[in-house]
Amino acid sequence: MSTVRISMWSAPSPTVDYQPLFQKLWHDHVVAEVRRRALGAPPSDYVTQAQIGHRDDGSVTVRLNGESKASFAFRYQGPSTTADAIRRLDPQWIDDVSVVNVSDDDPIAAHEVLIRGRQGWWLAYDFRSQRQQIARHRASAREFLYTARAAIEAGFLRAFAPALYDAAEQVTCATLLLTPHPDILKLRKHQDTVTQFSRWTVLGNADPAFLRVIKQFERLRNPARFSPQNFKLTEEEGRDALDVVERACVGLTAPAIAVGPFPTPTDK
């Protein structure tokens with residue numbers, strides 16, 4: 001069983017054996033790309049880093065060594081050298097690097113990254129598309145949640161309701177972006193977003209309590225603004241709803257994971 005290093009974001013599953021995935025990526029993509037380029041060197045000697053990107057149309061891009069767009073956090077335990085040399089993964093220093101987290105600046109492609117380090121190969125992956133857009137929605141949700149919590153702490157329930165709905169809607173948009181469906185990107189109306197999220201929840205992919213909250217506050221936001229006499233919400237109901245939305249927002253944290261180390265597979 002391989003050693004598992006936990007990244008700064010979240011832990012890989014302890015029940016999953018990642019080595020077969022690493023070997024499949026190595027043979028199906030890295031070895032195949034080196035041979036396609038006719039580089040004349042064994043992949044195990046030539047490659048220190050590989051990035052495999054997957055797009056929604058099924059196309060795959062393989063970048064080798066310095067072509068990679070990925071950035072990573074790491075622990076360096078070697079002799080003194082420049083930080084820039086380590087970042088470039090220069091072969092002189094590569095054996096002293098342990099990878100702990102990897103990110104990618106391609107906004108729409110899911111990806112895996114293979115990096116050779118001090119103890120062997122590390123595999124990092126992020127299977128989400130639209131990662132940057134998800135991050136923007138999550139950041140927006142956190143701002144509205146801050147406003148909602150400040151309002152309820154002050155006892156301003158009519159100000160609280162629209163802020164919580166806005167936070168819930170941002171979480172909903174980010175959650176729907178986890179599905180690689182082009183129609184999700186075209187949603188512009190509140191009701192369309194809620195309808196899509198209802199379908200997503202019925203399939204068992206989201207907490208029904210969150211769906212109940214967003215529907216409840218969709219009904220409350222206009223009375224809170226325009227018909228105070230029709231606005232009915234207790235502080236206890238508000239705090240319960242706030243907890244549900246905050247938990248959903250935390251659940252959107254980027255699952256950037258690095259696992260390993262793995263020995264280099266034989267180049268077949």
Side-chain angles (χ1 to χ4, degrees), residues 6-14 73 101 103 107 126-181 184-185 187-226 228 230-257:
I6 299 175
S7 79
M8 65 172 66
W9 292 112
S10 58
S13 170
N101 187 45
S103 61
D126 187 339
F127 296 145
R128 303 168 304 156
S129 62
Q130 304 297 334
R131 290 182 305 283
Q132 292 182 4
Q133 185 69 3
I134 290 170
R136 284 191 286 268
H137 281 297
R138 182 175 183 270
S140 181
R142 292 180 66 187
E143 291 186 25
F144 285 120
L145 282 170
Y146 181 90
T147 303
R149 182 163 287 282
I152 201 169
E153 295 297 340
F156 299 152
L157 291 177
R158 286 191 294 272
F160 164 78
L164 188 67
Y165 175 79
D166 289 338
E169 187 175 46
Q170 292 298 315
V171 171
T172 299
C173 291
T175 303
L176 289 174
L177 285 171
L178 294 171
T179 64
H181 195 293
I184 300 300
L185 300 175
L187 295 177
R188 295 292 182 269
K189 297 180 180 179
H190 299 291
Q191 188 55 52
D192 291 343
T193 300
V194 174
T195 298
Q196 287 285 353
F197 190 78
S198 296
R199 295 169 181 165
W200 186 239
T201 305
V202 167
L203 292 173
N205 296 317
D207 184 358
F210 181 85
L211 179 61
R212 289 193 294 271
V213 166
I214 195 169
K215 286 185 174 181
Q216 177 188 11
F217 281 79
E218 184 184 31
R219 294 190 299 269
L220 285 173
R221 62 195 179 100
N222 282 338
R225 291 169 171 144
F226 307 118
N230 297 325
F231 177 78
K232 292 179 172 54
L233 179 70
T234 68
E235 181 178 339
E236 182 180 4
E237 290 172 334
R239 290 187 181 277
D240 288 345
L242 179 61
D243 287 343
V244 169
V245 178
E246 286 181 333
R247 286 198 304 270
C249 188
V250 169
L252 293 170
T253 301
I257 293 173

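Position 1 is the first residue of the sequence, and the numbers go up from there. As the structure is a prediction and not an experimental result, all values here were calculated from the model.
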Compare every heavy atom of [Y] with every heavy atom of [X], then report the nearest pair and how far apart it is.
X    : Y    : result
A148 : L164 : CB-N, 4.0 Å
A248 : V171 : CB-CG1, 3.8 Å
A241 : F217 : CB-CE1, 3.5 Å

Could you list the residues that satisfy side chain to side chain contact (heavy atoms under 4.5 Å, CB included) with [X], not counting sequence neighbours?
X    : answer
E246 : L145, R149, L242, D243
A224 : R158, A161, P162, F231
T201 : F197, A206, P208, L211
Y146 : none

[atom1]-[atom2] distance between [X] and [Y], expressed to the nearest 0.5 angstrom:
X    : Y    : atom1 : atom2 : result
Q170 : R142 : CD    : CZ    : 13.5 Å
D240 : R212 : CG    : CZ    : 11.5 Å
L233 : I152 : CG    : CD1   : 7.0 Å
T172 : I214 : OG1   : CD1   : 3.0 Å
E153 : E235 : CD    : CD    : 7.5 Å

Query raised in the report: For R225, which residues count as a salt bridge (charged side-chain N to carboxylate O under 4.0 Å, His left out) partner, sequence neighbours excluded?
Result: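 Not a single residue meets the salt bridge (charged side-chain N to carboxylate O under 4.0 Å, His left out) criterion with R225.
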Query raised in the report: Any donor and acceptor pair, going by atom type alone, linking the side chain of S140 with main-chain N or O of R136 inside 3.5 Å?
Result: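 A pair under 3.5 Å: no.
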Report task. Check side chain to side chain donor-acceptor pair (under 3.5 Å) between E143 and all other residues, then give those that pass, not counting sequence neighbours. Result ->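 Counting only residues at least two positions away or on another chain, E143 forms no side chain to side chain donor-acceptor pair (under 3.5 Å).
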